[in-house]
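Each chain gets a letter, A, B and so on, in the order its sequence line appears, and its residues count up from 1.
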Amino acid sequence: MSEQKNETALSSDAAEVRAQKLKLLREKIGDVYPAHFHRTITNAELSAKYEDLAPDTETQDIVTVAGRVYSSRNSGMFMDLHDASGKIQIFSHKDITPEASRELLSLIDLGDIIGVTGAVRRTKRGELSINAREITMLTKTLLPMPEKYHGLADIELRYRKRHLDILTNEESKLRFQQRSKILSGIRRFMENDGFMEVETPMLHSVYGGATAEPFKTHHNTLKLDMYLRIAPELYLKRTLVSGLTDKVFEINRNFRNEGVSTRHNPEFTMMECYWAYADYEDIMDLVERLFAELAMSIHGTTEFAFGDKQISFAGPFKRVPMPDAVKDATGIDFLAIKTDEEARAAAKAAGFEVEKDATWGECLAFIFEEKVESTLIQPSHVTHFPKDISPFAKEVPGEPRLVERFETYCNAWEIGNAFSELNDPEEQRARMIDQLQQAHARGEKEKQLDDEFLDAIDQGMPPAGGLGIGVDRLIMLLTNAPSIRDVILFPARRHKND
RNA sequence: GAGAGCGUAGCUCAGCCGGUAGAGCAACUGACUUUUAAUCAGUAGGUCAUGGGUUCGAAUCCCAUCGCUCUCACCA
C-alpha cells in the first residue's frame with residue numbers, strides 16, 4: 001500500500017504538481033477547460049441577497065457560482081471562492097457533496113477556477129456559504145498564487161505581473177475599478193454638459209499642440225515618417241472650425257518621449273475639450289464642477305485624503321494670477337518690471353539662476369515653478385500666464401505680456417491647463433512661427449509648421465475656451481496613488497531578460 | 001541623462017563586520033474534520049539577479065552588466 005502511494009505521490013514542486021494534476025484531471029474528467037458554464041449569481045449579489053440570513057441557517061435555494069479558489073481550510077472542506085465582485089465560502093462534506101466532486105477536491109489547487117452548485121446557508125460562525133452538491137473544474141492553473149496573507153508586495157512584480165497584483169491586492173483592484181469609474185464619470189459629465197466626443201488622429205505627420213519630444217514611426221505604404229501625437233489640440237480646434245459641434249471633447253492617449261517618473265508615463269491619458277463662445281473663466285467653473293462631481297462619485301463627498309493631506313474638491317477653487325503669486329512668495333513685482341534684462345536681474349538678485357537669454361515671461365514662470373508650485377496643495381487655478389510661453393492663448397486686455405490662461409494645480413501637480421483660445425489667424429501664425437524658430441534653435445530639426453491647422457484658423461474658429469486635463473494624475477489624487485504606475489494597468493517597462 | 005538604494009525558495013522576509021543558506025505561507029505525505037491567515041507531525045524546495053575579481057574560503061568585500069525603486073533634470 002505504501003509502495004503504491006509512493007508511485008502516485010506527486011512532486012513537491014508547485015508547477016510540476018499542477019501539470020501532473022492537470023494530466024490526471026484530463027484522464028478522469030476529460031475537458032478541464034470547458035467552454036460552457038453558466039453561473040446563476042455573482043458573489044456580491046449573493047452577499048447582498050442573503051445579507052439578513054441568520055447564522056446557522058440553511059436555505060433550500062440552489063445557486064451556481066464560479067470563481068477562483070483563494071484559500072482552503074480543513075483539507076478543502078472549506079474553500080474561499082473569489083469572483084471579480086467578491087467572495088463566497090464553499091463547504092464540501094461527505095453528507096452533502098457526492099463522491100465525484102469530493103474526488104475533484106484533492107486535485108484542486110489554490111488559484112484554480114471552479115464552478116460550484118449548491119444550497120445557500122450561513123454557518124454557525126456567520127460565514128455565508130454554499131453546500132457544494134456539484135463542483136466543476138473550469139480552469140486548471142499551472143502556476144501557484146502569490147502568498148495569501150501579504151499578497152504580491154514586490155513593486156517590480158506588481159507592475160510586470162499586474163494580473164497577480166490585482167488578483168491578490170484588494171487596494172490595487174479597487175483602484176483600477178475606480179479608474180474606470182472616473183473615466184466614465186468624466187464622459188458622463190461632459191456629455192451631460194452638451195459636449196460631443198470625437199476621435200482625432202494619433203498618428204501625425206506634423207506634431208504640435210505642446211512642447212515635447214515625440215515618438216517617431218513610419219508608414220510603409222505612404223512612405224511617410226509619422227509621429228505619435230503629443231497633443232490632440234490642433235485637430236480638436238479644426239473640429240471646432242467645422243461647426244460639427246460647439247462643444248467638443250476627446251479622451252485618449254498622448255505620447256511624449258520624455259523622462260519617466262512617478263508622475264510621468266510615456267503614454268498618458270488626456271481629456272481635452274473646446275467650448276465655443278466660452279472663455280477661460282467659464283472653463284474654470286467647468287473644472288470645479290467636474291472635479292467636485294468626480295470626488296462625489298468616488299468618495300461620496302468632496303473631501304478626501306491623499307497620503308497625509310486632506311484635499312477638498314469643494315469649489316470654488318482659489319484663483320490667483322501668476323504675477324501676484326510670485327510677488328507674494330518673493331516680493332518681486334513682475335508687473336513693474338519692463339524689460340527682459342530687468343527681469344533676469346531681479347531673478348538673479350533673488351537667487352534664481354535663469355537662462356542668459358530668458359525672457360520676462362520665462363523668468364516669471366521659472367520663479368513660479370521654483371517658489372509657488374510646491375505650495376499649491378489644495379486645488380487652485382493659477383491665471384494670467386506669460387504670453388511668451390503660451391502660443392495658443394489670447395492676451396489679457398490691457399496687459400499684452402499676459403494671456404487668458406490658467407493651470408489647475410493640486411498636491412503641487414499640474415492637473416489642468418486651459419485658455420481663452422487664440423483665434424486671430426494672423427497672430428496665431430506669427431506665434432507659431434516664433435515657436436518653430438525657438439524649437440529649431442533648441443535643435444528640434446523635425447518640428448514643422450502645421451499649415452493645415454493655420455489654414456483652418458484662417459477659415460475662422462469661433463472664440464472658445466479650451467482645456468486639457470491630465471487624467472492619470474487626477475485619478476492618482478482621487479485614488480490616493482503615490483505613483484502614476486499605480487493607476488496605469490500596464491505601465492511602460494524595460495524588457496527583462498532572465 | 002545624473003545621484004542614492006535595492007535584487008536571497010513560487011510568494012513574504014531573515015541572514016550581510018567573509019567560514020558551505022533559514023523561517024512563515026504555498027507545495028508534497030499523513031493526522032484531524034464546521035473552519036476564518038484552520039490546527040498538528042513529517043518531507044521536499046535555492047547558480048543568494050548575471051559576469052568577473054580579491055581570498056584558503058564570497059549571499060556577505062570590490063568592479064562591470066541587467067532590472068527595479070526614490071530624488072533631480074526634460075515633461076503633463
Side-chain angles (χ1 to χ4, degrees), chain A residues 2 5-6 8-18 20-21 55-56 58 69-80 87 89-96 102 106 109-111 121-129 131 141-161 164-165 167-169 209-214 230-231 253-272 369 373 407-409 413-417 442 444 468-474 476 482-485 491 493-498:
Chain A
S2 64
K5 267 179 188 165
N6 271 344
T8 57
L10 293 160
S11 159
S12 62
D13 178 79
E16 224 173 277
V17 170
R18 283 157 194 259
Q20 290 169 354
K21 286 181 181 169
D56 206 12
E58 308 227 356
V69 178
Y70 267 59
S71 69
S72 164
R73 296 176 289 282
N74 291 38
S75 309
M77 185 162 62
F78 296 96
M79 290 186 291
D80 287 341
K87 76 161 192 179
Q89 179 169 267
I90 306 300
F91 178 68
S92 305
H93 193 275
K94 59 177 186 291
D95 296 345
I96 49 167
R102 276 189 296 125
S106 64
D109 287 303
L110 298 192
R121 72 171 172 113
R122 194 176 290 281
T123 65
K124 229 180 283 181
R125 313 275 179 117
E127 193 74 33
L128 192 65
S129 306
N131 286 337
T141 57
L142 294 179
L143 294 174
M145 291 276 278
E147 206 244 19
K148 64 181 171 186
Y149 188 59
H150 299 93
L152 196 64
D154 184 276
I155 293 175
E156 183 176 352
L157 282 180
R158 290 180 62 177
Y159 296 149
R160 282 191 193 282
K161 304 199 174 196
L164 293 180
D165 175 36
L167 225 39
T168 58
N169 295 315
T211 53
E213 187 75 18
I230 57 172
R253 235 68 66 77
N254 290 341
F255 307 85
R256 298 190 183 175
N257 208 340
E258 309 275 357
V260 297
S261 78
T262 49
R263 284 171 301 277
H264 302 85
N265 195 61
E267 51 181 305
F268 64 101
T269 300
M270 287 268 290
M271 192 283 285
E272 279 205 12
E369 284 164 21
E373 218 178 82
E407 287 189 348
T408 304
Y409 285 83
W413 304 337
E414 184 190 335
I415 308 292
N417 184 15
R442 281 196 303 269
E444 269 187 68
I469 297 276
V471 172
D472 306 286
R473 287 186 183 172
L474 184 56
M476 287 170 71
S483 168
I484 197 167
R485 290 183 285 273
R493 223 94 287 255
R494 281 201 179 91
H495 183 255
K496 189 171 186 180
N497 325 287
D498 54 1

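Taking only side-chain nitrogens and oxygens, R485(A) comes nearer than 4.0 Å to OP1 or OP2 of U69(B). For R494(A), a side-chain nitrogen or oxygen approaches OP1 or OP2 of C68(B) to under 4.0 Å. The phosphate of A26(B) has OP1 or OP2 within less than 4.0 Å of a side-chain N or O from K148(A). Checking the phosphate oxygens (OP1, OP2) of A76(B), no side-chain nitrogen or oxygen of R473(A) falls inside 4.0 Å. Close to U69(B), at under 4.0 Å from its OP1 or OP2, lies no side-chain N or O of R160(A).
In this structure, A2(B) and U71(B) make a Watson-Crick or G-U wobble pair, each of the two defining distances being under 3.5 angstrom. Across all strands shown, A14(B) forms no Watson-Crick or G-U wobble pair with both distances under 3.5 Å. Figure legend. C66(B) is base-paired to G7(B); pairs are counted as Watson-Crick or G-U wobble with both atom distances under 3.5 Å. When both pairing distances are held under 3.5 Å, U43(B) makes a Watson-Crick or G-U pair with A27(B). Remark: C61(B) base-pairs with G53(B). Criterion, Watson-Crick or G-U wobble with two distances under 3.5 Å.
No aromatic stack links F78(A) and the base of A38(B), using centre distance under 5.5 Å and interplanar angle under 30°.
Note on E127(A): a base of the nucleic acid sits closer than 4.0 angstrom, heavy atoms only. At a threshold of 4.0 angstrom between heavy atoms, the contacts of R493(A) are confined to the sugar-phosphate backbone, with no base atom among them. Within the nucleic acid shown, T168(A) has no heavy atom closer than 4.0 Å to any nucleic acid atom. Contact annotation for E213(A): no contact, since no heavy-atom pair falls under 4.0 Å across all strands. Across all strands shown, G259(A) has heavy atoms under 4.0 Å from base atoms, whether or not it also approaches the sugar-phosphate. Residue-level contact check: N417(A) touches neither bases nor backbone, having no heavy atom under 4.0 Å from any strand. Within 4.0 Å of A153(A), counting heavy atoms only, lie sugar-phosphate atoms of the nucleic acid but no base atom. Using a 4.0 Å heavy-atom cutoff across all strands shown, N265(A) reaches at least one base atom of the nucleic acid. Residue contacts for T262(A): at a heavy-atom cut-off of 4.0 Å it reaches the sugar-phosphate backbone alone, with no base atom in range. The residue V471(A) sits apart from the nucleic acid: no heavy atom pair falls under 4.0 Å. R158(A) comes within 4.0 angstrom of no nucleic acid atom, judged by non-hydrogen atoms across all strands. At a threshold of 4.0 angstrom between heavy atoms, the contacts of L157(A) are confined to the sugar-phosphate backbone, with no base atom among them. Note on G468(A): nothing from the nucleic acid sits closer than 4.0 angstrom, heavy atoms only. Residue contacts shown for Y159(A) are limited to sugar-phosphate atoms, with no base heavy atom under 4.0 Å away.
Between G67(B), U12(B), A76(B), one nucleotide has an atom nearer to the side chain of E156(A) than all others, and that is G67(B). Of the candidate nucleotides C25(B), U33(B), G10(B), G10(B) has the atom nearest to the side chain of P144(A). Distance from the side chain of T123(A) is smallest for U36(B) among the nucleotides U36(B), U69(B), C11(B). Closest to the E258(A) side chain, of the nucleotides C74(B), U33(B), A76(B), is C74(B). Distance from the side chain of L152(A) is smallest to C11(B) among C11(B), A76(B), C72(B). Relative to the side chain of I155(A), the nucleotides C11(B), U69(B), A27(B) differ in distance, and U69(B) lies closest. Listed candidates were C70(B), A27(B), A26(B). Nearest to the side chain of S483(A) is C70(B). With U34(B), C28(B), A37(B) as the candidates, the nucleotide lying closest to the side chain of Y149(A) is A37(B).
A donor-acceptor contact under 3.5 Å links the side chain of S75(A) to the base of C32(B).
For the pair R256(A) and F268(A), the NZ or CZ position fails the cation-pi test of under 6.0 Å to the six-membered ring centre and within 45 degrees of the ring normal.
Between the P atoms of G22(B) and C16(B), the separation comes to 14 Å (whole Å). Here the separation of A59(B) from G7(B), taken at their C1' atoms, is 11 Å to the nearest Å. Rounded to whole Å, the separation between the C1' atoms of U12(B) and A73(B) comes to 36 Å. Comparing U39(B) with U33(B), their C1' atoms sit 11 Å apart, to the nearest whole Å. Separation of the P atoms belonging to A58(B) and U69(B) is 33 Å when rounded to the nearest angstrom.
A pairwise comparison of heavy atoms in R18(A) and L143(A) identifies NH1-O, 3.2 Å as the closest pair.
Under 3.5 Å, the side chains of Y149(A) and E147(A) contain no donor-acceptor pair of N or O atoms.
Counting heavy-atom neighbours within 6.0 Å of R263(A) CZ, excluding the residue itself, gives a total above 12.
Projected onto RNA chain B by closest heavy-atom contact, S261(A) and N74(A) fall at different nucleotides, the more 5' of which corresponds to N74(A). Between R73(A) and E267(A), the residue anchored nearer the 5' end of RNA chain B, judged by the nucleotide with its closest heavy atom, is R73(A).
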Subject >> Step-by-step salt bridge (charged side-chain N to carboxylate O under 4.0 Å, His left out) determination, R121(A) to D56(A) >> reply: CA-CA 7 Å; R121(A) 72 171 172 113; D56(A) 206 12; 5.6 Å; no
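Qualifying side chain to side chain donor-acceptor pair (under 3.5 Å) partners for N265(A), counting only residues two or more places apart in sequence or in other chains: none.
Ion pairing between D80(A) and R73(A) holds under the 4.0 Å rule for side-chain N and carboxylate O.
A distance-only check finds no donor-acceptor pair linking the side chain of T269(A) to the backbone of V471(A) [under 3.5 Å]. Not a single donor-acceptor pair under 3.5 Å links the side chain of N74(A) to the backbone N or O of M77(A).
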